[in-house]
Amino acid sequence: MEELALIIDLFKNTERQGPGSQSDTLRALSFMSLPKDRKIHIADIGCGTGGQTLSLVKHTNSQISAVDLFPEFLDVLNENANQLELADNIRTINASMDALPFESESLDIIWSEGAIYNMGFEAGVKNWNAYLKKGGYLAVSEITWITNSRPKEIEDFWNKEYPEIAIASNKIKVLEENGFSLVGSFFLPEESWIQNYYTPLETKFQAFLNRHDNSSLAKKIVDDHTKEKELYLKFKSYYSYGFYIAKKE
Ligand code: SAH
């Protein structure tokens with residue numbers, strides 16, 4: 001099995017595929033002033049198995065288009081939505097975030113947790129703007145430096161993994177230069193990384209390794225994620241996900 005298929009197999013059994021939590025989702029939502037007299041249309045981009053999609057559908061009067069590149073994740077979301085009797089308000093769409101199947105100015109909110117890095121923050125902000133109605137909102141979480149200077153070890157790691165990592169003022173500038181004004185932002189707290197992401201992921205490692213006969217590739221994936229967590233614990237005062245909530249001008 002190739003590495004991508006293995007990663008999908010590991011992550012489709014988890015509630016979240018990146019750091020975050022229901023309280024972060026609701027905190028981001030709290031910055032928006034939304035119409036009460038009609039159903040709004042939200043697109044949740046890079047929804048994964050839909051942890052945040054389910055929080056959003058429960059706490060808004062909305063129709064949600066949940067988009068992901070991998071149908072395996074969308075299958076899990078559909079199953080969970082059916083079980084919770086929320087499926088009427090969620091439509092899953094298998095598409096890539098750089099070619100979204102929406103009409104221009106048709107969305108009230110574009111939501112994206114831990115996913116915009118796949119096309120790059122600036123490219124995503126520029127590309128997605130067109131799909132939002134004027135006055136609509138973008139809510140996006142993106143890996144961000146907390147401090148202006150960092151130890152070389154973590155600087156080198158992130159510059160290799162994701163060279164677009166920057167401090168929050170830089171991310172806000174990108175939003176402002178592309179037709180948005182910021183209405184709120186915050187950093188994800190440690191528990192959104194540890195209790196909500198790394199710890200539940202770790203509970204899946206043994207069964208995952210068993211399923212794949214301890215293959216060297218499966219072991220490498222477990223190893224990479226273990227190292228990533230150790231790095232987080234060592235350098236958590238220098239980076240987190242920033243959550244940015246911005247309004248289209
Ligand atoms: N929002 C979820 C998942 C974040 S992980 C959460 O916070 O738990 C990033 C997600 O982006 C994964 O589900 C991955 O399948 C998806 N993804 C990666 N590349 C993509 C692309 N080009 N278009 C759409 N989704 C993509």
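For ligands, and for the atoms within them, numbers begin at 1 and follow the listed sequence.
Close contacts between ligand 1 and G48 involve ligand atoms 13 (O) [criterion: under 4.0 Å to a heavy atom]. For ligand 1, the atoms closer than 4.0 angstrom to any heavy atom of L69 are 19 (N), 20 (C), 21 (C), 22 (N), 23 (N), 24 (C), 25 (N), 26 (C). Numbered from 1 in the order shown, with element, the atoms of ligand 1 that lie under 4.0 Å from a heavy atom of Q52 read 1 (N), 2 (C), 6 (C), 7 (O), 8 (O). Using a 4.0 Å cut-off to heavy atoms of F70, the atoms of ligand 1 that qualify are 15 (O). The contact set between ligand 1 and G18, taken as ligand atoms under 4.0 Å from a residue heavy atom, comprises 8 (O). Those atoms of ligand 1 that come under 4.0 Å of a heavy atom in A115, given as number and element, are 9 (C), 11 (O). Taking every heavy atom of S96 and a limit of under 4.0 angstrom, the matching atoms of ligand 1 come to 21 (C), 22 (N), 23 (N). Atom numbering of ligand 1 starts at 1 in the shown order; those under 4.0 Å from a heavy atom of G114 are 4 (C), 5 (S), 9 (C).
Checked against a 3.5 angstrom limit, the closest N/O atoms of G46 and ligand 1 fall inside it. Below 3.5 Å of separation, one finds no N or O of F73 facing any N or O of ligand 1. Between E113 and ligand 1, a contact under 3.5 Å exists for at least one N or O pair. Residue M97 has at least one nitrogen or oxygen atom sitting less than 3.5 Å from a nitrogen or oxygen atom of ligand 1, judged on distance alone.
Closest to atom 8 (O) of ligand 1 among all protein heavy atoms lies Q17 N, 2.9 Å. Nearest non-hydrogen protein atom to atom 7 (O) of ligand 1 is R16 NH2, 2.8 Å. The nearest protein atom to atom 16 (C) of ligand 1, hydrogens excluded, is given as D68 OD2, 3.3 Å; this is a heavy-atom distance.
Aromatic ring centres of W193 and Y241: separated by under 6.0 Å. Aromatic pair Y239/W158: centroids less than 6.0 angstrom apart.
No side-chain donor-acceptor contact under 3.5 Å links Q52 and T25. T144 and Y244 are linked by a side-chain donor-acceptor pair at a separation below 3.5 angstrom, with hydrogens and angles left out of the test.
At least one heavy atom of C47 sits less than 4.0 Å from an atom of ligand 1.
Salt-bridge check for E190 with K236: passed, with a basic side-chain N closer than 4.0 Å to an acidic carboxylate O. Remark: K12 does not engage E72 in a salt bridge, criterion side-chain N to carboxylate O under 4.0 Å. A salt bridge links D223 with K227: the distance from a Lys NZ or Arg NE/NH1/NH2 to an Asp or Glu carboxylate oxygen falls below 4.0 Å. Using a 4.0 Å cut-off between charged nitrogen and carboxylate oxygen, E105 and K248 count as a salt-bridge pair. A salt bridge is defined here as a Lys NZ or Arg NE, NH1 or NH2 lying under 4.0 Å from an Asp or Glu carboxylate O, and K219 with D224 fails to meet this definition. A salt bridge links E122 with K126: the distance from a Lys NZ or Arg NE/NH1/NH2 to an Asp or Glu carboxylate oxygen falls below 4.0 Å.
With a 4.0 Å cut-off on non-hydrogen atoms, S112 does not touch ligand 1 at all. Under 4.0 angstrom from ligand 1, the non-hydrogen atoms of N118 all belong to its side chain.
For R27 and F243, the positive end is not near the middle of the six-membered ring at less than 6.0 Å and at most 45° from its axis.
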